[in-house]
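Below: the structure, in structure tokens.
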Amino acid sequence: MSQYDYDLYTIGGGSGGVRAARFAGQAGARVGLAEKGDLGGTCVNVGCIPKKLMSYSAHFHSYFADAAGYGWTLDGEQRFDWATLIANKDREITHLNGIYQRLLDGAKVDLHRGFATVEDAHTVNVDGKRFTAKHILVATGGHPDKPDVPGKDFGITSDDFFHLKTLPKRAVVLGGGYIAVELASILNGLGSEVTLVYRRERLLRTMDADLGVFLADEMAKKGIKLVFDATIAAIEAPQAGEQVTKNVRLTNGDTLQAECVLFATGRTPNTGKLGLEKAGVVLEKNGAIRVNEHFESNVPSILAVGDVIDRVALTPVALAEAMVVVARLFGKGERSISYKNIPTAVFSHPNIGTVGLTEEEACKEVGEVKIFKTDFKPLKNTLSRNTERTFMKLVVDAKSDRVLGVHMVGGDAGEIIQGFAVALQCGATKAQFDMTIGIHPTSAEEFVTMRTPVA
Ligand code: NDP
């Protein structure tokens, strides 16, 4: 008999935690998992899934407008009902929570509903109940931050956004990252008057520079007001409340009025109350758990994956990290993860899809690069007279001809980039892109028909 209650005890039932618990259980390990909230973590409950569902909803606005050019008459007024969307979204999420529960049950994982703390290298305490484990895996994710400005309590975060009772008439979104552009696009599509305020002058500053510039133009065309080089200095309101009009004072001297002020200003790893320091675990300045290539902290029996290690805060990355842990601890061999060429999509309107190096990164890494770009009106937007355009860019190593970066802003960019990510993993060259036959008529075919470098 083992000296421990469990082989693996996972703290957190989000993407990374459930994946590790489930596959460890399937491999025959005795697994326990603690979760204080709903199963599925940020992604299922207040992240990727509700965001994408709401993004679908927000697209109907332009579909209705496009329909006339294609011969359709939509009689009467098109009305949107926020309460219906939220109720249907919640129903789908409850369904997903149930699927996660069944996955854990199927792998014979003991689920403990409660808040877990770490007492020592092999002991967790879930609301007063102690469990020992050979390995403890921390997969507690992160939470959204609010900047420290006067009146910040009048503002909300993405966690609150998904539970608003009404669609705000006017919204101010602060930030220029993923969440800011996605939620600003959703609010705009659903009918709110949106101002996005960002302290720099280019959205999505960690991505290829052309993407943020192109996206800003497209967002502005859809009616989103963009205020750059400014941030929120203070929020004033007579009282808290969704419908209450707030005065939003900006650092550039302007004052905006809005019912909803949304902070999309980054996320912090959830380690604050876990007791990890007591167990001797070293944390980074922002609270992230410092781990090695095996996802072990400096206390080797305590491991961590996902947003709580703050490497790449994406669900598929957390899943891959969890698989590395399970393979080493309970599998037949070692497995590793490469953080190179991770494709990602931003579900702004229009979408962004990107994989590989930005032009700037490529210049630093290989010196000489060739750049191919195109910017066009997609066929779908011809009859409809929709003015949204599509942008595509390839970054190529001039010496080896390898394609180092594939970037797109436009309809279905996320769907399109996934396949190109495989090509980049395989080390595809521009000549191989050129040899590939396009699929006509699609937007994606432009990626294999760009012939003349612009730089
Ligand atoms: P990001 O780090 O992407 O963006 C945060 C933004 O807030 C930046 O523009 C930042 O400005 C700004 N900011 C930070 N602090 C302040 C401040 N004090 N005052 C004013 N502005 C501030 O974080 P998000 O919260 O948008 O998203 C977190 C992570 O979640 C993402 O990085 C991504 O990994 C993941 N995610 C992925 C999605 C997807 O895959 N589609 C969707 C949503 C999230 P600056 O640029 O100057 O630092």
Side-chain angles (χ1 to χ4, degrees), residues 14-16 41-56 141-152 155-162 172-186 195-207 209 211-212 215-216 219 226-235 248-252 261-270 286 288 306-321 339 342-355 408-409 412-415 417-418 421:
S15 305
T42 301
C43 177
V44 167
N45 296 290
V46 284
C48 330
I49 301 295
K51 177 272 311 284
K52 189 84 189 281
L53 293 172
M54 293 173 80
S55 170
Y56 285 134
H143 62 272
D145 292 325
K146 280 185 186 177
D148 203 10
V149 294
K152 67 177 180 185
I156 63 167
T157 66
S158 53
D159 282 2
D160 311 307
F161 171 80
F162 295 109
V172 173
V173 177
L174 181 66
Y178 276 77
I179 296 180
V181 299
E182 288 183 343
L183 299 193
S185 295
I186 289 173
T195 306
L196 184 147
V197 178
Y198 179 41
R199 62 187 178 185
R200 301 180 197 245
E201 58 185 21
R202 177 164 56 78
L203 299 175
L204 299 166
R205 71 175 165 85
T206 57
M207 296 189 176
L211 300 181
L215 178 67
M219 286 174 75
L226 297 152
V227 179
F228 290 122
D229 294 319
T231 186
I232 292 178
I235 309 172
V248 187
R249 302 214 181 279
L250 303 187
T251 49
N252 65 6
V261 184
L262 173 66
F263 293 113
T265 47
R267 299 176 60 87
T268 298
N270 284 333
N286 67 348
D307 290 6
V308 79
I309 63 172
D310 197 32
R311 282 189 181 165
V312 180
L314 297 173
T315 291
V317 174
L319 299 179
E321 291 170 347
Y339 291 92
I342 294 174
T344 182
V346 185
F347 296 101
S348 48
H349 296 190
N351 289 182
I352 288 183
T354 174
V355 60
M408 173 174 176
V409 189
D412 296 323
E415 303 287 345
I417 289 295
Q418 182 70 77

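In listed order, ligands and their atoms are each counted from 1.
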Give the residue and atom name of whichever protein heavy atom lies nearest to [atom], and the separation in Å to one decimal.
atom: atom 31 (C) of ligand 1; value: Y178 CD1, 3.6 Å
atom: atom 42 (C) of ligand 1; value: E182 OE1, 3.2 Å
atom: atom 28 (C) of ligand 1; value: R267 CD, 3.7 Å
atom: atom 16 (C) of ligand 1; value: R199 NH1, 3.3 Å
atom: atom 45 (P) of ligand 1; value: R205 NE, 3.2 Å
atom: atom 26 (O) of ligand 1; value: I179 N, 2.8 Å
atom: atom 4 (O) of ligand 1; value: G177 CA, 3.4 Å

**Message:** Does only the side chain of T265 get under 4.0 Å from ligand 1, or the backbone, or both, or neither? Count heavy atoms.
**Reply:** both

**Message:** Counting only heavy atoms closer than 4.0 Å, does ligand 1 sit against the backbone of L314, its side chain, both, or neither?
**Reply:** side chain

Answer yes or no: does an N/O atom from [X] fall short of 3.5 Å to an N/O atom of ligand 1?
X: R200; value: yes
X: G176; value: yes
X: A313; value: yes
X: G175; value: no
X: P147; value: no

**Asked** So H143 and T268, side-chain contact (heavy atoms from CB on, under 4.5 Å) or not? Walk me through it.
**Response** CA-CA 5 Å; H143 62 272; T268 298; 3.8 Å; yes

**Asked** Between T251 (side chain) and T231 (backbone), is there a donor-acceptor pair under 3.5 Å?
**Response** yes

**Prompt:** Quick one: does S55's side chain have a donor or acceptor within less than 3.5 Å of a partner on K51's backbone?
**Reply:** no

Which of the numbered atoms in ligand 1 are under 4.0 angstrom from any heavy atom belonging to [X]?
X: A264; value: 5 (C), 6 (C), 7 (O)
X: T231; value: 19 (N), 20 (C)
X: K51; value: 41 (N), 42 (C)
X: A345; value: 39 (C), 40 (O), 41 (N)

Drop me the distance from [X]'s [atom1] to [Y]'s [atom2], to the nearest 0.5 angstrom.
X: E182; Y: S158; atom1: CD; atom2: OG; answer: 10.0 Å
X: F263; Y: L183; atom1: CZ; atom2: CG; answer: 14.0 Å
X: L262; Y: T157; atom1: CG; atom2: OG1; answer: 7.5 Å

**Fill in**
The salt bridge (Lys or Arg N to Asp or Glu O under 4.0 Å) partners of E321 (sequence neighbours excluded) come to none

**Derivation of the side-chain contact (heavy atoms from CB on, under 4.5 Å) call for V46 and F161** = CA-CA 8 Å; V46 284; F161 171 80; over 6 Å; no

**Message:** Can you give me the closest heavy-atom contact between L226 and A216, atom names plus distance?
**Reply:** CD1-O, 3.2 Å

**D229/N252 under side-chain contact (heavy atoms from CB on, under 4.5 Å): CA gap, chis, key distance, verdict** = CA-CA 8 Å; D229 294 319; N252 65 6; over 6 Å; no

**Item:** Identified side chain to side chain contact (heavy atoms under 4.5 Å, CB included) counterpart of I352 within the set I417, L203, T344, V346
**Value:** V346

**Asked** Quick one: salt bridge (charged side-chain N to carboxylate O under 4.0 Å, His left out) pairs with a partner in residues 307-320, sequence neighbours left out?
**Response** none

**Request:** Return the option from A180, G266, G142 holding the heavy atom at the smallest distance from atom 5 (C) of ligand 1.
**Result:** G266

